[in-house]
Amino acid sequence: MRLVDISSSVDAAAWEPDPVEHEILTPAEGAAHMAEEMREHFGVHFDPAELPDGEFLSLDRIRLTSHTGTHVDAPSHYGSRASYGDGRPRDVHELPLEWFYGPGLLLDLTGCETSTAGVAEVEKAMERAGRRPEPGDIVLLNTGASAWAGTPRYFTEFTGLDGPAVHLLLDLGVRVIGTDAFSLDAPFGDVIARYRESGDRSVLWPAHVIGRSREYCQIERLANLEALEQPYGFQVACFPIKITGAGAGWARAVAIFAE
C-alpha cells in the first residue's frame with residue numbers, strides 16, 4: 001500500500017492566533033530533570049554525571065490548544081447540550097474508532113468564488129468526483145486553504161460550508177467531514193458580516209451549531225490534499241488522540257492507497 005500524509009504539523013515557528021510554546025530539554029538537561037523527578041517522586045537517587053556522556057533523554061514541553069494542527073472536533077466542542085440521545089454530547093475519547101477509518105471521498109472546492117459553499121457547490125463537486133458519498137465515507141474538502149498555512153491569511157481567507165450543505169452530507173450518511181481550512185465554517189469576519197447584514201442567527205457558524213442536533217465530527221486543518229491523485233479509491237485513517245473530557249483531539253490523518 002501507499003501512504004499519503006494529509007496532516008499539517010504542529011509548528012511553534014508558524015503563525016497562530018494562539019501561539020504554540022515548545023520548550024526542548026536537551027539529553028543533558030533531560031538527565032538532570034529525570035534525576036530530580038526520580039529523587040522527588042520515587043526516592044531513587046543517581047548522579048547524571050554517571051550516565052554515558054552525561055546524557056539521558058531529550059524532553060519536549062508543548063503548550064497549545066487541541067485545535068492546533070490537524071485535529072478532530074468532537075460533538076462536545078459544538079455546545080454543552082445536544083438534542084439527540086441523552087442530551088450530553090460525547091467527548092473525543094468516547095467516539096467510536098470505526099468513524100475514523102473508512103473510504104475517502106475528495107471534493108474539490110478550490111473554484112468556489114465565495115467564502116461559503118452551499119448545496120449547489122457541493123453537488124457540483126460530487127459530480128466532478130464522479131461519486132456521491134455513502135454511509136461511513138470520510139469526506140475531504142480541498143479548498144486550497146492549506147497553501148497559506150503558517151500565515152495570518154490562513155485564518156481569514158478560506159471556503160466553509162453553509163448549513164444546508166452540511167445537512168446534505170449528513171443525510172447521505174457521512175459522520176466525518178474534513179477540510180484543509182482553519183474551520184468547516186466560513187471565516188469569522190465573513191460570518192459576522194453576514195449576520196450583521198441579515199440579522200439571521202442561522203448564519204452564525206452553522207456547520208458547528210448543526211453538531212448540537214446531529215452527532216458528527218469535523219477534521220480541520222488537513223493538508224496536502226492536492227497529492228491525492230484521484231477523488232476516491234482510497235481509505236482514510238484519522239484517529240484522534242484520546243484526551244479524556246476534551247472537545248477535540250489531534251490526529252495524524254493519512255490516505256491509504258492499495259497497490
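Here the side chains of Gln230 and Phe257 are in contact, with some heavy-atom distance below 4.5 Å. Phe56 is not listed as a side-chain neighbour of Pro48, based on a closest heavy-atom distance of 4.5 Å or more. Using a 4.5 Å cut-off on side-chain heavy atoms (C-beta onward), Leu95 and Pro75 make contact. The shortest distance between side-chain heavy atoms of His77 and His67 falls below 4.5 Å. Taking the side chain as every heavy atom from C-beta outward, Tyr101 and Ile256 approach each other to under 4.5 Å.
When all heavy atoms of Leu106 and Asn142 are compared, the pair lying nearest together is CD1-CB, 3.9 Å. Nearest heavy atom pair, residue Val72 against residue Ala251, reads CG2-CB, 4.1 Å. The heavy-atom pair separating Ser76 from Ala246 by the smallest distance is OG-O, 3.7 Å. For Val119 against Ala165, the heavy-atom pair with the smallest separation is CG2-N, 3.8 Å. The two residues Glu29 and Ile24 make their nearest non-hydrogen contact at OE1-O, 3.7 Å. For Ser213 against Ser83, the heavy-atom pair with the smallest separation is CA-OG, 3.1 Å.
At a threshold of 4.5 Å between side-chain heavy atoms, the hydrophobic network of Ile, Leu, Val, Met, Phe, Trp and Tyr places Leu225 and Ile219 in one connected group. Under the 4.5 Å side-chain heavy-atom criterion for ILVMFWY residues, no single connected hydrophobic cluster contains both Val236 and Tyr232. Tracing side-chain contacts under 4.5 Å through hydrophobic residues (I, L, V, M, F, W, Y), one reaches Tyr216 starting from Val139; they form part of the same cluster. Ile138 and Leu172 are members of different hydrophobic clusters when ILVMFWY side chains are connected at heavy-atom separations under 4.5 Å. Under a hydrophobic clustering in which Ile, Leu, Val, Met, Phe, Trp and Tyr are joined whenever their side-chain heavy atoms come within less than 4.5 Å, directly or via other members, Ile6 and Phe234 fall into the same cluster.
The pair Asp162-Arg194 does not count as a salt bridge, with every side-chain nitrogen at least 4.0 angstrom from each carboxylate oxygen.
Here the rule is side chain to side chain donor-acceptor pair (under 3.5 Å) with Thr143, and of Thr179, Thr110, Asp108, Asp180 only Asp180 fits it. Looking at Glu121, Met126, Arg128 one by one, the single match for side-chain contact (heavy atoms from CB on, under 4.5 Å) with Lys124 turns out to be Arg128.
Judged by distance alone, with hydrogens and angles left aside, the side-chain atoms of Asp73 form no donor-acceptor pair with the main-chain N or O of Gln218 at under 3.5 Å. Between the Thr116 side chain and the Leu161 main chain, no donor and acceptor come within less than 3.5 Å of each other. Put simply, the side chain of Glu220 gets close to the backbone of Leu184: a donor and an acceptor are under 3.5 Å apart. A donor-acceptor contact shorter than 3.5 Å is absent between the side chain of Ser8 and the backbone of Gly69.
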(message) Set out, in order, the CA-CA distance, both residues' side-chain angles and the distance that settles side chain to side chain contact (heavy atoms under 4.5 Å, CB included) for Tyr84 and Arg214, then state yes or no.
(response) CA-CA 7 Å; Tyr84 55 81; Arg214 306 186 71 173; 5.7 Å; no

(message) Run Arg132 and Glu123 through side chain to side chain contact (heavy atoms under 4.5 Å, CB included) and show every step you take.
(response) CA-CA 9 Å; Arg132 298 173 73 81; Glu123 287 282 6; 2.7 Å; yes

(message) Using side chain to side chain contact (heavy atoms under 4.5 Å, CB included), reason through Leu141 and Ile177 one step at a time and then give a plain yes or no.
(response) CA-CA 8 Å; Leu141 305 178; Ile177 305 172; 4.1 Å; yes

(request) Please assess Val20 against Ile62 for the test side chain to side chain contact (heavy atoms under 4.5 Å, CB included), listing each intermediate value before the final yes or no. (result) CA-CA 7 Å; Val20 176; Ile62 304 176; 4.0 Å; yes

(request) Could you please spell out the steps behind the side-chain hydrogen bond (donor to acceptor under 3.5 Å, both in side chains) verdict for Ser183 and Asp185? (result) CA-CA 5 Å; Ser183 173; Asp185 276 295; 4.6 Å; no

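Atom CZ of Arg88 has more than 12 neighbouring heavy atoms from other residues, nucleotides or ligands inside a 6.0 Å radius. Remark: Arg2 CZ is packed, more than 12 non-hydrogen atoms of other residues, nucleotides or ligands lying under 6.0 Å away.
Rounding to the nearest 0.5 Å gives a distance of 7.5 Å between CD of Glu16 and OG1 of Thr65. In this structure, His71 NE2 and Cys217 SG are separated by 11.0 Å, a value rounded to the nearest 0.5 Å. Taking CD from Glu36 and NE2 from His41, the interatomic distance works out to 8.0 Å, rounded to the nearest 0.5 Å. Taken from CG in Leu140 to CG in Leu105, the straight-line distance is 7.5 Å, to the nearest 0.5 Å. To the nearest 0.5 Å, the span separating NE2 on His33 from OG1 on Thr26 amounts to 12.0 Å. Between the CG atom of Leu109 and the OG1 atom of Thr114 there is a distance of 10.0 Å, given to the nearest 0.5 Å.
By the 30° and 60° cut-offs, the orientation of the rings of Phe182 relative to Tyr154 is perpendicular.
Between Phe155 and Trp15, the ring centre distance stays below 6.0 Å.
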